[in-house]
Amino acid sequence: MTNLWKDLRYALRRLRKSPGFAITAILTLALGIGANVVVFSIMNALLLRPMSYPDAKQVYTLQHPQQDGIAALANSYPVYQDLRDRNTTFSALAMYRFAHIGLETRNGPQPVWGYEVSGNYFDMLGVQPYLGRLIHPEDDTAAGASAYVVLSYRCWRDRFGGDKTVVGRIIHLNKVPYTVLGVAPKGFVGTERFFWPEVFVPVMNQAQIEGYDWIHDRSEQDIFVIGRVKPGVTAAAATANLNAVAHQMAKEHPQTEDKLAFALAQPGFLGNVLGGPVKAFMFGVVLLAALVLLAVCANLGGLFAARTTDRAREMAIRIAVGAGRPRLVRQLLTEAVVLSSLGGVAGCMVAFGLLRALSNWQPATGFPIQLVVAPDKLVYLFAFVVSLTAGVLFGSVPLRQIWNTDPVHAIKSGAGPLTLGRKWSLRDLLLSFQIAICCLLVTASLVAVRGLGRTLHTNLGFDPKGVTTGMVDLQLANDSVTAAEQFQRRLAEQVSHLPGVTAVGYASAPPLSLYSTHTSVYTEDTADFSVKNQKFSTPFYKVSPGYMTAAGTRLIAGRNFAEQDNAKAPKVAIVNQTFARKLFGTDDAVGRYMKIWGDKIEIVGVVEDGKYESVSEDPTPALFLSIMQFRNEQIFLLVRSTRNTGDMAAAIRDTIRRLDPNQPISSLGSWQDALEIMLLPAHVATIALGVFGALGILLALTGIFGLASYTVSRRMKELGIRVALGASRVQVLGGALHRPMVLLAFGSVVGLVLGVLARSVLASVVYGAKTNDPAVLVGVVFTMTLVGALATWAPASRVLHLDPMRLLRQE
Amino acid sequence: MIALNNVERSYKSGAGQIWVLRRIHLDIQPGEFVTIMGPSGAGKSSLLNILAMLDDHWQGEFFFQWQAVHTLQRKQRAELARRNIGMVFQSYHLLDDLTVAENIDLPLTYKNIPAPERQAMVADILDRFRIVAKKDLFPSQLSGGQQQLVGIARAVIHNPALLLADEPTGNLHSTQAREIMELFRTLNQQGTTIVQVTHSEANAAYGTRIVELRDGWMTMDTKHPELAAASQGGRS
């Protein structure tokens, strides 16, 4: 213990004596450890931390194994009832559904997101209330029987000022009075990791909340089923049991439940729908963060090896006076661990600041998307282990040197064996490894930037520039369908008269929003509308006559919707080119017919293809229906104008208030901003990889600079001799910087090759990652050349200004 | 071959300007073996560095083989030195990581001489200096005398017109020193002009002319006693 204390004191003294080295090392470590702590904290919050209810591992979301997307998760309420009543392996099965609700506050109605839940939802999860009580089965027996609401902790704190007397108070949801039953516990944010509801209401009130009754409709598949398996029952047994029930149901309801099957997934990412991409993304990012730390260790390992060479005489004296080599190793490792601990503390300080900012960040998406990444015990433990490991890793680099120290030679020559000659040293190997990692990180960041560029310049099939959008949900104001339709038409008309407005339209949902829904498409001669007869499933949009012009969607053939395409007229549709090709095998679809929901519909127009659910999707069919024939209470207003978004939004808000002062409007802003959620993954990937690329460049700069400076300082006398023997400055410069440049070139080539090979990993982070993109390759070569030039600038300048006379005099 | 007219060298320090060479006038003819002597700090090595064209910061006129060195650019001076001057150092200044043969080859590599020609020249000089057996050894495997032998071989490999030697035997014992000085005499007899700096009277005796420096002034020149007297007069 005394020895350890001595080692510690000596290590601190040595660091005080070399403040430049200590600060560089601590900052380098802070970058590497900080990056890893941030990444681990995010992974912890997303994947490792259990959901906020007891025995979370026993709770599963039911999803359909054979499909992708929302449809693979959603079920109808009757299916839920059948599963709940017939299964034998779950102690309870509950359901929830996202709902957009107008919550009346002191500032008027505010649109909030909530869950409609089955009465057993909270009991199944085992959640206890923070205040009052939660919803129980007896609160969810019949439609409208129990107008109760449970508030989330955050909603209670932010919207009700943390008022503990809120329990029992009447509040209005969509203008209907609801009694506050209680407040959910602080950490409970529902059963999705990203999507945090503010209110919970019994699902039996769905017609009141959503404006239409879907609860008995087997074709309305938009609820999520979640359940807790009985103790001792395995996931496989539960799945088998569910599928047995599903098989039975398919026989009973072949039209809607044909081929029904289930798989179990841990809740959190819409079952596992988003889980795969999130896990792949995190894997890629964790790998890159680990590479950054490895580069840091290689960097410091090289520095440590160089310092150990310079300390060979000190080491030799220690051995000569009786110190064992293990003792020296311990001394060196202590120094390394002290450094890494200080670096770890600095890294954690930076990381925790970033995490706090990330926790407070809410993307402007109109959805309650949030991620709390506050560090917990696991994160602290990780930071400690990473710091310790880093210290041991880079501290171990010079161990072989110590072990091979020849005290007689070292004392006589005053330094360790020269490693700067023709032999390639471990330090060189470490630097080329570090440069290779840097090059890989630079490649990754350039791939991400190119990916984002492609995403931003892809043809969306509409032009969001200059368009102001906002969501008006007449159901939130509890208006009738007819009143809602009249309101929508009046609103569009009045907005079209606002100064600067060039086009106005509205739709049930715009493309590339999270509100899009699908329907099955059938040929015109279909009579049996079972799943097996559907041609394909397509996203559909109910749109007004002015929509295509306002959206900037190009009409390829036929016509746009017009005022005469109303409820009294034959039903018509506009489709995109992919839809036409998929159904008819040709773009020439105008005048042809198809069927949806049993209705025969004539196609009157074909529009250009676009992006509908993801900017990275392959060409997808899309269907546009006339909103006057297929009514919708919720609309997204699209207003194309020559005015700026702020002025336009204010003018739209005034118009709505004039029409109905109680009508809430949400997500009012530019369409480009509203697309943020779809671009979020690309932005996050670019930011993450950009940061790693910058870290890589920084580390390569310090690594090459360190080697070049060290090489030059150790070789100044030799270089002086060469000048005295007739070498030109350029020849001397070449001799001095030859090795760092060779290492830079070698490391860069290895890094580029690794980058090309790591395409699949990069593809998990950036959609369509192309590492063999010529622009990326040129960018990497340019960046690495620039890194080399910058890193060797100062040492090169020292060589060019060397004074052989002075150097040779120092004998 | 060499003409220095009123050459002066000084350094700036906190205390002002320190003069290390004052009004040096020196002519050296081809084939001479000049010894520069004087106490430490007299300016011997500074003068040698000017002659070697390693120093650029002096004033006065310097003609080398009728070329006005004082008018040449740094690069031109370096080229002139590379073609005509060889240098021998007190501490040998061999490169530790190069073998004997590679050390000797070094000046040739800076002259862009083709490799086969260089190999032949190195083989020839190894033979002349009778160190063929040592050609693959590293400097640390040689004695001091052997190292200096290699240093001289390296200095004369490209047949320089002028050989400059700064205390060439300063680190050697007397027997080795004698051998080196004999070698210098031979080289001089073969036509190489030599300028050496030494403290040793015995080494000076191998030369044909002695120049003495004191406090930067030329106080004696065995070839031109009158110049030394004038210089003495200039000091007072």
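So that the names make sense, note that chain A is the first sequence line, chain B the second, and so on, each numbered from 1.
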> Side chain, backbone, both or neither: which part of Arg83(B) has a non-hydrogen atom closer than 4.5 Å to chain A?
Replying inline: neither
>> Just checking Phe746(A): does its CZ atom have more than 12 heavy atoms from other residues, nucleotides or ligands closer to it than 6.0 angstrom?
In response: no
>> More than 12 heavy atoms of other residues, nucleotides or ligands under 6.0 Å from NE2 of His199(B): yes or no?
In response: yes
> Crowded around Gln17(B) CD? As in, over 12 foreign heavy atoms under 6.0 Å?
Replying inline: yes
>> To check you understand the geometry: which heavy-atom pair defines the closest contact between Leu106(B) and Leu725(A), and what is its length?
In response: CD2-CD1, 3.8 Å
>> Which one wins on heavy-atom pair count under 4.5 Å against chain A: Lys75(B), Glu79(B), Arg154(B)?
In response: Arg154(B)
> What do you reckon, is OH of Tyr10(A) surrounded by more than 12 foreign heavy atoms closer than 6.0 Å?
Replying inline: yes
> Which atoms of Thr109(B) come close to chain A, meaning under 4.5 Å heavy atom to heavy atom: side chain ones, backbone ones, both, or neither?
Replying inline: backbone
> Picking from Arg82(B), His158(B), Met53(B), which has the most non-hydrogen pairs under 4.5 angstrom with chain A?
Replying inline: Arg82(B)
> Can you name the closest pair of heavy atoms from Arg74(B) and Leu800(A) and give their distance?
Replying inline: NH1-O, 4.3 Å
>> Which heavy atom of Leu98(B) sits nearest to which heavy atom of Arg722(A), and what is that distance?
In response: CD1-NH2, 4.2 Å
>> Around atom CH2 of Trp19(B), are there more than 12 heavy atoms from other residues, nucleotides or ligands closer than 6.0 Å?
In response: yes
